[in-house]
Amino acid sequence: MKQLRCDGCGITAPAATMFDVGGKIFCEACCTSEVESYPAGEVPQGLVQPVVDTTVCAVCGADFGSLELQSVAGHPVCDSCSQRLLHYPLPLWVKAASLVVAGLIVFSLATNWRFFQGFFEARAAIKCLKSPQPDYVKADSMAKAAAGHVPESAEVRGLAVAAQAHLAYSRGVQAAEKGDFKLAAELTDQASQALPQDSRLRADALIYRGIDAMQEDRSAAAVECFRKARGDSNIPVKALDALILRAEGGAAFDAKDYPAFLDKARALEQLQGDDASRAQVASALACMYAQSGQDSYKAQALAILNALPAGSDDPHPDEYRQRILHRINTRTIISRKQYLATVGAASRPASSKE
Amino acid sequence: MFFIIPGPVIAALTFPGVIVHEAAHLLFCRLRKVAVFDACFFRFGNPAGYVIHEQPGNFTSTLLICMGPFLLNTLLCVAICFPVMLPREVFGIHNGKSLLMLWLGISIGMHAIPSTGDVSTLWREGWAAARRGNPLGILSLPLAGLIAVLNVGRVVWLDAIYGAAVGIGLPMLLLDWLSA
């Protein structure tokens, strides 16, 4: 503890009990009389300052003898008090509350993590579906994963169903491109059942089913399928009408109603005006000749056949031409299967079987 | 139309925010080696909490101590609200647990705005620093102005609006952006 001498009365006392008055050191009594010597209300501001004993801790009051203490915020403070001021402790309950909040954040993140996974998987699935080159396989797997993570979301479940339907549909289209219309019909049927509200999927499934029926010589069933699909399909109405006429012609042929077969063939020729439809008119005329024996039908059929270029639109033009000629020459009407079995020829698609 | 609820009642209803606010002041004091003489993390009164500390020796410390609650409360508000906003907003899954977390997050968020005392210190010290050519001082002045406006806006629930904007609005914006 520092000892100072009063500039007024000369006594020596602890520094902490003395005052600095305008640069002079006074004890409390001398300080009071010094201040009272000023006229009332004219004591300069800041004239009196308590003397700080830099060897006594301002916080704990401990006396460090002659040791000068460090200054914290302008006050002498011992090491332990300094540590406490500079590292003011957080109360235990605040620490505990901090831990609880941290725990809640971690718990919340952990329990909601599946939603983050589901969100990003669903996002990836939608991106795959909306891409100019859709990746239906990835979309399906991502959407399934999302539905697994967030099973309570009807929206995500719907996305999974839609992605699965799109995958089935795309596989159906691929099967159709390869000529497997049975598989195409099955897959697009699956897609249509998954998304019953999408009338185009249903229509395309019906078209593939119809083409499959035509391949299996069930033209009447094909007509029914094509008619149901009309108006809803992605296929242009004109192309679908041509399919309907072709199937109706096939149904008439199956029913041995050759005048109806000729009518449908002519309607198809009017609609399409291509070599395949003209060949079908020749086929129908050949049937009419075979049935009635009228030479005019034979002449018309041969005229059409002669006008057709070699290798016309039909994928198997020679076989078709030979069958029509066989029909004219023998006046017997047999199906393609019978023709192939008896005369023998390469296979050809059902769409121009007659 | 706005209605007035006494400050101590609001503080009591959103006490986690008061605690985090004062803890942020204290943490930044400790980080910047500024002596703290007394601290109260929550009480029923005005102010609901306080930290008494020495005047920092430099403006960086002043800025950090004043703005500490703004940083910490905002970050915690986002961290608490975001995980529960995703199932609520994207998947429509609502439950009591998520409501509790939203209350906690928004309570903390709405106490992010520094108090009038903090703003006046920031303004005074910012001016002094700006006069000395301190770029932080110059930058702090519009910030202090903005916070002063937010403080005045407490009367019209601007603090609660800020908490909701950070806790609900920000995650929704982020999710919208991610979903786009």
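Each chain gets a letter, A, B and so on, in the order the sequences are listed, and its residues count up from 1.
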Heavy atoms of other groups near B/Trp123 CH2, more than 12 under 6.0 Å: yes
Chain A neighbours within residues 66-87 of chain B, where any heavy atom lies under 4.5 Å away: B/Leu76, B/Ala79, B/Ile80, B/Phe82, B/Pro83, B/Val84, B/Leu86, B/Pro87
Proximal component of A/Val77, with respect to chain B [non-hydrogen, under 4.5 Å]: neither
Other residues, nucleotides, ligands: >12 heavy atoms within 6.0 Å of A/Lys2 NZ: yes
Pairing residues for A/Ala194 by the side chain to side chain contact (heavy atoms under 4.5 Å, CB included) criterion, not counting sequence neighbours: A/Val161, A/Ala165
Gap between atom CD of A/Glu152 and atom CD1 of B/Ile93 - 0.5 Å precision: 4.0 Å
When A/Pro91, A/Ser82, A/Ala97 are compared by non-hydrogen pairs under 4.5 Å with chain B, the top option: A/Pro91
Separation of A/Leu85 CG from B/Glu54 CD (nearest 0.5 Å): 8.5 Å
B/Arg32 atom CZ, over 12 foreign heavy atoms within 6.0 Å: yes
Interface residue of largest heavy-atom contact number with chain B, from A/Val72, A/Leu90, A/Val59, under 4.5 Å: A/Leu90
Neighbour count above 12 (heavy atom, 6.0 Å) for A/Leu92 CG: no
Flag if over 12 foreign heavy atoms under 6.0 Å of CZ, B/Arg43: yes
Top of B/Leu27, B/Asp38, B/Leu100, B/Leu104 for chain A proximity - count of heavy-atom pairs under 4.5 angstrom: B/Asp38
From B/Leu178 atom CG to A/Phe119 atom CZ, the distance as rounded to the nearest 0.5 Å: 5.0 Å
Contact origin within B/Val34 toward chain A - heavy atom pairs under 4.5 Å: backbone
Heavy-atom neighbours of A/Gln70 CD exceed 12 at 6.0 Å: yes
Interface residue of largest heavy-atom contact number with chain B, from A/Phe116, A/Trp113, A/Trp93, under 4.5 Å: A/Phe116
Heavy-atom side-chain proximity of B/Lys97 to A/Thr111 below 4.5 angstrom: yes
Side-chain donor or acceptor of B/Arg30 paired with backbone N/O of A/Leu86 under 3.5 Å: no
Atom group of A/Val101 that falls short of 4.5 Å from chain B, counting heavy atoms: side chain
Spacing of A/His149 atom NE2 and B/Phe91 atom CZ [to the nearest 0.5 Å]: 10.5 Å
Top contributor to chain A contacts, counting heavy-atom pairs under 4.5 Å, from B/Ile19, B/Val51, B/Ile108: B/Ile19
Atom of B/Phe37, atom of A/Ala73 and distance for their closest heavy-atom approach: CZ-CB, 3.4 Å
